[in-house]
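Comments concern the structure below.
The sequence lines fix the lettering, A, B, ..., with proteins before strands; numbering per chain opens at 1.
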Protein chains: 2
Amino acid sequence: MAKIQTKKNSSKKEIIIEKAARLFREKGFGAASMRDIAETVGVEAASLYNHIQSKSEILQAICFKVANEFISHLEEVERSGDSLLKKMETIIRFHIRMMLEQYEYVYISDHEWRHLAEPYLSNFLNQRRSYRKRLGDLVEEGIAKNEMKNIEPYVAVLTILSAISGIESWQRSRKSTSAETLEANMVKYLIEGLKK
Amino acid sequence: MAKIQTKKNSSKKEIIIEKAARLFREKGFGAASMRDIAETVGVEAASLYNHIQSKSEILQAICFKVANEFISHLEEVERSGDSLLKKMETIIRFHIRMMLEQYEYVYISDHEWRHLAEPYLSNFLNQRRSYRKRLGDLVEEGIAKNEMKNIEPYVAVLTILSAISGIESWQRSRKSTSAETLEANMVKYLIEGLKK
DNA sequence: AAACAAAACTAACGAGTGTTAGGTAGGCTA
DNA sequence: TAGCCTACCTAACACTCGTTAGTTTTGTTT
């Protein structure tokens, strides 16, 4: 019998994913059980299966939602007529804001993707590799056009993306430094370090 | 009955920790079972308990070994008479080399510490916070002495440490870029971005 | 050869895992 | 009102988990 996707169904599914995301981030994918998720949703574990097909499906939904957002933003930036340094800054700011506004989802996509089942795992890694390659091409062009320092593009991209992903550890203690200060200073460091 | 620590005993314990580290890194602490570890050691799971006290103990040993190495290196650098920029460069290079040479251990200390049990968890986080604070003080002094750009010290430290920890994702595909290129270019990016 | 301790083994424990089967209450439509 | 579908429930299955108990093998020392 085919599942009919009603409004109620899809919104409950979204609630489940949202609650699960919180738990996956706090305890890790493996340590967060279906019974844990069910409890925060306010339902028995078995009832979750009226809305989702498996625990894996939740992880897949989260990882690919995030990946798609980054890819489509990149395509938008690539089409723009900005300078290469400006393009990189736009991308860096987008990453930082995603990390601030969609913390749970981005964190999981960064740290729990290894628990994806095949073929989603390979798929995810291919998208990731391709995304980084395209960022590297932007840096390479920026160097060629004398906008940027001669830093090996792969290493520059790795440095930038890793630095941003470390905002995760700021999220746990948001007290002393504001989000604005964080964004402004990290952009300053990463962009001025890249600028010729 | 007190356990007697013979030479054989301690070396077998080290083997167990080494093999476990590999598995913790590959599958995560939660997903790597004692039976997995036992298999790679070439023994039954129950036999592991002749050498270690618990699965947690393995994680503790790894995390604190790494933490202690970083702390004692920092103390050495603090005592040196180098400029502040040079001090930071020394620390950055040390972090990168640790990431290259003790990949498994450093990775686990970076990513699996959340599975530590109390009171080790709090202890670990305190050491981490104190370490970052001391790095921040170096940056703050570097700014005051006009050696460095005025980047919020906490953000600068976060950026540096996160960037380096991202070398993890390079380790998985070591083909195109050599370790030397990686170190040289990352140091260049992080130091020149910091230099006034 | 006898004695001893270290380190391996088998077997099992209690708890927790994702998931399925089968049943029931409540609301919408014919 | 009768039928139907959705979303919940309880109960259970077939594992796997870390760990312990009790026993046997192995290797060294007297």
Could a donor-acceptor pair under 3.5 angstrom be found where the side chain of A:Arg35 meets the base of C:dG16? no
Answer with yes or no whether B:Asn50 presents, from its side chain, a donor or acceptor under 3.5 Å of a partner atom in the base of C:dA8.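 Checked by distance alone, the answer is yes.
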Select one nucleotide: of [options], the one nearest the side-chain heavy atoms of [X].
X	options	result
A:His51	D:dA7, C:dT10, D:dG18	D:dA7
A:Val43	C:dT17, D:dT10, D:dC8	D:dC8
A:Met34	C:dT19, C:dT10, C:dA7	C:dT19
A:Lys12	C:dG18, D:dC8, C:dT20	D:dC8
A:Glu44	D:dT10, D:dG18, C:dG18	D:dT10

Roughly how many Å is it from CD in B:Glu39 to P in C:dC9, rounded to a whole number?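 These atoms are roughly 12 Å apart.
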Does a side-chain N or O of B:Ser33 approach OP1 or OP2 of D:dC17 to a distance below 4.0 Å, or not?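 Answer yes for this pair, as a side-chain N or O of B:Ser33 is under 4.0 Å from OP1 or OP2.
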Is the distance from OP1 or OP2 of D:dA7 to the nearest side-chain N or O of A:Ser47 less than 4.0 Å? no
Do the rings of B:His95 and B:Phe70 sit parallel, tilted or perpendicular, given the 30° and 60° boundaries?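 Parallel: the ring planes of B:His95 and B:Phe70 meet at under 30°.
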Have a look at A:Ala32 and say if it touches a base, only the backbone sugar-phosphate, or nothing, with a 4.0 Å heavy-atom cut-off. sugar-phosphate
